[in-house]
Undergrad: 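The structure that follows is given in the form of structure tokens.
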Amino acid sequence: SMVLSILTLSLVLVLSPHLSRVFRLPTAPIEIIVGSFLAFFGILEVKEGNFELLAHIGFLYLMFLAGLEVNLKSIIKMPRVYIVQSLYFLLILWGLALILGLLFHLHLILIVVLPLISIGLLATLSKEYGKEERWIKIAFLVGTIGEVISITALTISEASTSVGFNEELFYKIVLLFGFIA
């Protein structure tokens, strides 16, 4: 089963650039869409231990790439109108994540993580289109705000489930905000 999963993933990686040209979409979203369909139809067995480990490593790699691209100081230099529009966009994004998460009975952590994935995807798109594209710069600014808020929410939700609501949680929250500052 593991060999079949590796072969299927390899086939997706080989075919994705060709599908990308056909559909005129970047490679990363094509890989995500094709992988989602394969998992939905049971072709990829996502519950397998090694596949789950690979998924975690892939997610952490995306977050690492995003961390390299994010510049918190850029938020301060951002025009006020972008900040307001970014917050509207993020409210819609988190609202959809919450609605879809509840609709599909997803775990709370997954609902919090859904908006986080976008900045990791932007990191891969910036390599494909170049960092100087205007839409990528604006998307990174919006993503930076979303990343900070989502990571804060993720940290607080993880800490509250592991230590409960007590002074240790408060201490972890203070540490988090100290780190962000």
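In what follows, every heavy atom counts, from backbone to side chain, and hydrogens, waters and symmetry copies are set aside.
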Undergrad: Hydrophobic cluster membership, with links at side-chain heavy-atom distances under 4.5 Å among I/L/V/M/F/W/Y: are L38 and F23 in one?
TA: yes
Undergrad: Do you reckon L100 sits in the same ILVMFWY cluster as L102, going by side-chain contacts under 4.5 Å, direct or chained?
TA: yes
Undergrad: What distance separates L25 CG from I33 CD1, expressed to the nearest 0.5 Å?
TA: 6.5 Å
Undergrad: To the nearest 0.5 Å, how far apart are CG in L103 and CG in L96?
TA: 11.5 Å
Undergrad: Going hydrophobic residue to hydrophobic residue with side-chain gaps under 4.5 angstrom, can you get from V34 over to L11?
TA: no
Undergrad: Given E31, which of S20, S16, P17 fulfils the side chain to side chain contact (heavy atoms under 4.5 Å, CB included) condition?
TA: S16
Undergrad: Can you hop from L93 to L87 via hydrophobic side chains spaced under 4.5 Å?
TA: yes
Undergrad: Nearest 0.5 Å please: distance from the OG1 atom of T8 over to the CG atom of L13.
TA: 11.0 Å
Undergrad: Could you state the interatomic distance from CZ (R24) to CD1 (I30), rounded to the nearest 0.5 Å?
TA: 13.0 Å
Undergrad: Do W94 and L98 come close enough that some side-chain heavy atom pair is under 4.5 Å?
TA: no
